[in-house]
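Given the structure is predicted, the values throughout are model-derived calculations rather than measurements.
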Amino acid sequence: MEKELDSLYKSIDQKGKAAILKNQFTDPYLCQDKADSRRGLTLLARLPVHVGRNIGYAQQKLRIANPNLYCYPLADLHLTVLDLIGAYDDFSISPHDLAAYQKALQNLMAKSKPFDVMLKGLIASPAGILATGYYSDELTMLRQNLRHRLTDKLPVAERYPTCSGHVTIARFKAPLKAPPALLADLMSMQQLQFGTFTVDRLDLVIHDWYNHDVKKIAEYALMH
C-alpha cells in the first residue's frame, strides 16, 4: 500500500505545485464571497495532541511568507476514514436514517481493529496543503467493510473513493503573496516527521467542509 500512496501523493503534489505557481485558486467560501451551507456525514479520526502540535509548528512557518493562508485550527485537524455522505449545500438527514447509520456502524466497529498512522511530510494540492499519511492494513480493511456492508442497506455517497491517509492542514483563502516561497517551504518539509499514532476511536459527525462546525453524533471504540 505504501507504493500506491507514494504514487497518489506524488500525483497530487504535481498538480498542486502547478496550481500554486498560477496563483489563481482561492476558496470562495473562506474568502467570504459565499455563505457556506455545505454539510456532510463523516466517520473520522482525531489527531493526538503531540501530532497536532507538530503540525502547528509547520503551519506557523508556512504563514511567514504567506500570512493569508487559512490554517486549520488544531482542534479541527482530522483524518477522514470515510465520507458516508459527502458535504453538499443544505444537507439534511432524517432521524430514522441517522439512527440506522449509528446502529450499522456500532456493529461494524465492534468487529474492527485499531490502526496505526504515520504522518510524514507536506505536499501541495490544488486546493491546499496536505500532511501525507501512511497507515496499517487495518484501515484498508475497515474502509472495505464499511463500503461493502453499509451499501446493502444505507447509501455511502463519498465525494470520491477515499484511499489516502492525508490530513489537510491549510487552504488558500486569498491569492498567495509569495508562491515560490511557499513551494520552497514545502520542499524543506517534504520529509518532516509529524508523528506516529494508533487510532482506537472514531467519531461519527455532521460537519462542514473544514471540520470547524461539528456536531458529534457518536463515538466508537475499535477493540477487536
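Formation of a donor-acceptor pair under 3.5 Å by the Gln59 side chain with backbone atoms of Ile169 is found in this model. At distances below 3.5 Å, not a single donor-acceptor pair connects side-chain atoms of Thr198 with backbone N or O atoms of Asp116. Remark: side-chain polar atoms of Asp203 are not paired, donor with acceptor, to backbone N or O of Leu44 under 3.5 angstrom. Listed for the Ser7 side chain is no donor-acceptor partner under 3.5 Å among the backbone atoms of Glu4.
Residues Gln102 and Leu204 are in side-chain contact: their nearest non-hydrogen atoms beyond the backbone lie under 4.5 Å apart. Side chains of Met109 and Leu142 form a contact here, defined as non-hydrogen atoms less than 4.5 Å apart. Looking at Lys173 and Leu69, their side chains never come closer than 4.5 Å, going by heavy atoms from C-beta outward. Side-chain contact between Leu62 and Leu186 is present, with heavy atoms from C-beta onward closer than 4.5 Å. Side-chain contact check for Gln193 versus Met118: some heavy-atom pair is nearer than 4.5 Å. Side-chain contact between Ile129 and Arg171 is absent, with no heavy atoms from C-beta onward closer than 4.5 Å. In this structure, Val205 and Ile217 have side chains that are not in contact, with every pair of non-hydrogen atoms separated by 4.5 Å or more. The closest side-chain heavy-atom distance from Thr42 to Leu84 is not below 4.5 Å.
Residues passing the side-chain contact (heavy atoms from CB on, under 4.5 Å) test with Asp90 are Ser37, sequence neighbours excluded. His50 is linked by a side chain to side chain donor-acceptor pair (under 3.5 Å) to nothing, counting only residues two or more places apart in sequence or in another chain. Every residue meeting the side-chain contact (heavy atoms from CB on, under 4.5 Å) condition with Asn145, not counting sequence neighbours, appears here in chain and number order: Leu108, Arg149.
Phe115 pairs in a side-chain contact (heavy atoms from CB on, under 4.5 Å) with only one of the listed residues (Asp137, Thr140, Val81), which is Val81.
Side-chain atoms of His207 and Asn211 form a donor-acceptor pair, as typed in the model, at a separation below 3.5 Å. Side-chain contact of Ser164 with His166: a donor-acceptor pair under 3.5 Å is present, judged by distance alone.
Judged by the 6.0 Å distance and 45° axis criteria, Arg143 is positioned over the aromatic ring of Tyr135. Cation-pi geometry between Arg38 and Tyr29 is met: under 6.0 angstrom from the ring centre, within 45 degrees of the axis. In this structure, Lys120 is not positioned above the aromatic face of Phe194 in the sense of NZ or CZ being under 6.0 Å from the six-membered ring centre and within 45° of the axis.
We find the CG-CG distance between Leu150 and Leu105 to be 5.5 Å, quoted to the nearest 0.5 Å. In this structure, the separation between CE on Met187 and CG on Leu122 is 12.0 Å, given to the nearest 0.5 Å. In this structure, CD on Gln106 lies 11.0 Å from NZ on Lys103, to the nearest 0.5 angstrom. Summarising the geometry, atom CZ belonging to Arg53 is positioned 12.0 Å from atom CD1 belonging to Ile55; distances are rounded to the nearest 0.5 Å. Atoms CG and CD1, on Leu41 and Ile93 in that order, are 5.0 Å from each other to the nearest 0.5 Å. Between the CG atom of Asn66 and the CG atom of Leu176 there is a distance of 4.5 Å, given to the nearest 0.5 Å.
In the hydrophobic clustering of ILVMFWY residues, with side-chain heavy atoms under 4.5 Å counting as a link, Tyr88 and Tyr210 come out together. In the hydrophobic cluster analysis, where Ile, Leu, Val, Met, Phe, Trp and Tyr join through side-chain heavy atoms closer than 4.5 angstrom, Val199 is grouped apart from Val214. Both Phe172 and Leu21 belong to a single network of hydrophobic side chains, linked directly or stepwise wherever heavy atoms of I, L, V, M, F, W or Y lie under 4.5 Å apart.
Between His78 and Tyr72, the angle of the ring planes lies from 30° to 60°, which puts this pair in the tilted group.
We find that Asp6 and Lys10 are not joined by a salt bridge, their nearest charged nitrogen and carboxylate oxygen being 4.0 Å or further apart.
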> When you look at Arg39 and Asp213, which way does the salt bridge (Lys or Arg N to Asp or Glu O under 4.0 Å) test go after all the steps?
Replying inline: CA-CA 9 Å; Arg39 298 292 183 274; Asp213 181 1; 2.8 Å; yes
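Centroid-to-centroid, the aromatic rings of Tyr9 and Tyr134 come within less than 6.0 Å.
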